[in-house]
Participant: 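So that we are looking at the same thing, I have put the structure below in C-alpha cells.
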Amino acid sequence: EETNAAVRGFFDGGATEVYVLDGHGPGAIDIELMDERALYVRDIDTQRVFKNKKIDAMAWVGQHAKACTHGAHMAHTGNFTLVEYKINGLSVGEFGRIVIGGGIFNMPAIFGAGDLAFQKEANELCPGIETVVVKEAFDNGDGKDLSYEQYYKLNTGAIHLQPIMARKLIYAGARNAMERFIKDPSSFTVVKMDPPYRLFRKYRDVFSKKGYCSVTEVEDFEQIVFKEETIVNEEE
C-alpha cells in the first residue's frame, strides 16, 4: 500500500508510466494488490531495466540506510556481512549504488521514503531529492566492531508512523516530486561517476570466518549493482 501511495502520487503529479521494481526480487510486492496502472518488473537487475526502457527518474519506497549508520533501522548494504562499501572512494549503500548506476543514463533520484537515517543519507548524496520519513530507529551505535550474529540484531526496533498516515505522506511527497521534476528537472541531482570503478569492501566476522577487506576494479558499472565482482586484492 505504501508503494501504491507513491504510484498514485506520481500519476497525479503528471507521470505517464510508472515501473515498480521489487527490491527484494519476486515476492516482496503482491502484484495482485498493486495499482493497476503501474507495470511490475520481475527482475532485480536495475541496469537491464535502465538499458531497455526510457526511464526519466528514480524513486524509492521503504529504503534503509547503508551499513553501520548511526540510528538506522536494520541498516545494511546487500546483507549484514558488509561494514563498508566504497566506489572510487565514495561510501555508499544500496541506495547509492543505484543512484550512481542511474547517473550513467542521466536519471536523477527524485523521491525516497524510509527512516530518518535514510533521509539524511539521501539528502547528502542527492541534494534536492524529495524525502518522507515514516519511522525512526534508536541509536545503538554503528556496530562496526560487531560480528554478523551481533550486528543483524542491533537495530530491529523503531518508532513507526501509523500506516495510513505514512501513506498520506508518501503520496504527497511523490506527487510533489513529480510536479517539481516536470517543472524543473535540474532541481534534482544526477550523480555522475566515470570508469574505471574501484570498489572497496570491508567484511565483518561471520561465524568462524574472520572479517577481511577486498579491492576490485571493474570497467562496466553493470558489474557493481547486485552482482558479485572478482576480488583482485584481499587482505586481513
Side-chain angles (χ1 to χ4, degrees), residues 23-25 28 44 46 58-103 109 112-127 129 131-160 189 191 193 197-218 221 223-236:
H24 286 119
I44 202 168
T46 54
M58 303 175 287
W60 286 256
V61 174
Q63 183 60 48
H64 54 79
K66 63 185 177 181
C68 297
T69 300
H70 275 277
H73 187 218
M74 300 183 71
H76 61 279
T77 300
N79 55 55
F80 291 101
T81 63
L82 274 171
V83 175
E84 182 70 273
Y85 189 105
K86 294 181 180 180
I87 304 176
N88 292 356
L90 177 66
S91 177
V92 296
E94 295 170 24
F95 169 75
R97 284 191 290 181
I98 305 299
V99 165
I100 295 171
D115 69 344
L116 180 61
F118 164 69
Q119 181 192 54
K120 294 176 180 177
E121 179 181 327
N123 287 333
E124 182 176 340
L125 183 61
C126 303
I129 187 174
T131 56
V132 169
V133 174
V134 298
K135 58 186 175 179
E136 181 177 354
F138 305 96
D139 192 349
N140 295 321
D142 57 27
K144 289 183 177 180
D145 298 324
L146 300 181
S147 67
Y148 169 84
E149 304 95 303
Q150 296 169 323
Y151 183 68
Y152 82 86
K153 299 176 182 179
L154 179 65
N155 267 335
T156 56
I159 301 171
H160 297 252
T189 302
V191 178
M193 189 175 288
Y197 305 104
R198 183 177 176 84
L199 313 181
F200 170 82
R201 290 174 294 179
K202 181 178 181 180
Y203 294 89
R204 65 180 73 251
D205 294 349
V206 181
F207 301 112
S208 60
K209 184 177 182 180
K210 183 174 174 57
Y212 63 92
C213 297
S214 73
V215 176
T216 310
E217 291 185 359
V218 297
F221 198 84
Q223 294 178 267
I224 294 179
V225 184
F226 297 121
K227 289 183 180 291
E228 288 299 317
E229 304 86 22
T230 301
I231 297 175
V232 296
N233 181 43
E234 182 177 308
E235 59 186 27
E236 293 295 332

Participant: Measuring from atom OG1 of Thr156 to atom CZ of Phe138, what distance do you get when rounded to the nearest 0.5 angstrom?
Facilitator: 10.0 Å
Participant: Is there a side-chain contact between His76 and Glu94 in this structure, where contact means two heavy atoms from C-beta onward sitting under 4.5 Å apart?
Facilitator: yes
Participant: Is Asp115 reaching over with its side chain to a backbone N or O of Ala72, donor-acceptor style, under 3.5 angstrom?
Facilitator: no
Participant: Among residues at least two apart in sequence or on other chains, which ones pass side chain to side chain contact (heavy atoms under 4.5 Å, CB included) with Thr81?
Facilitator: Asn79, Tyr148, Tyr203, Val206
Participant: Closest heavy-atom contact between Asp205 and Glu149?
Facilitator: O-OE1, 4.2 Å
Participant: Hey, does the side chain of Arg204 reach the backbone of Tyr151 with a donor-acceptor pair shorter than 3.5 angstrom?
Facilitator: no
Participant: Would you mind writing out the side-chain donor-acceptor pairs for residues 117-125 within the sub-3.5 Å range, not counting sequence neighbours?
Facilitator:
{"residue": "Gln119", "atom": "NE2", "partner": "Thr131", "partner atom": "OG1", "Å": "3.1"}
{"residue": "Glu121", "atom": "OE1", "partner": "Lys66", "partner atom": "N", "Å": "2.8"}
{"residue": "Asn123", "atom": "ND2", "partner": "Gln119", "partner atom": "O", "Å": "3.2"}

Participant: Starting at CZ of Phe95, measure out to CD1 of Ile129 and round the result to the nearest 0.5 Å.
Facilitator: 4.0 Å
Participant: Are any side-chain N or O atoms of Glu217 and backbone N or O atoms of Arg198, one a donor and one an acceptor, separated by less than 3.5 Å?
Facilitator: no
Participant: Got a second to check how far Lys144's NZ is from Thr69's OG1, nearest 0.5 Å?
Facilitator: 9.0 Å
Participant: Are any of the side-chain heavy atoms of Thr77 and Arg97 separated by less than 4.5 Å?
Facilitator: yes
Participant: Mind listing the closest non-hydrogen atom pair of Val99 and Ala109 along with its distance?
Facilitator: CG2-CB, 4.1 Å
Participant: Can you tell me if Asp139 has over 12 outside heavy atoms packed within less than 6.0 Å of its CG?
Facilitator: yes
Participant: Taking only residues two or more places apart in sequence or in another chain, which ones pass side chain to side chain contact (heavy atoms under 4.5 Å, CB included) with Met193?
Facilitator: Ile87, Asn88, Leu90, Ile100, Tyr197
Participant: How many angstroms lie between atom OH of Tyr85 and atom CG of Leu199, to the nearest 0.5 angstrom?
Facilitator: 4.5 Å
Participant: Give a yes-or-no answer on whether the side chains of His73 and His64 include a donor-acceptor pair shorter than 3.5 Å.
Facilitator: no
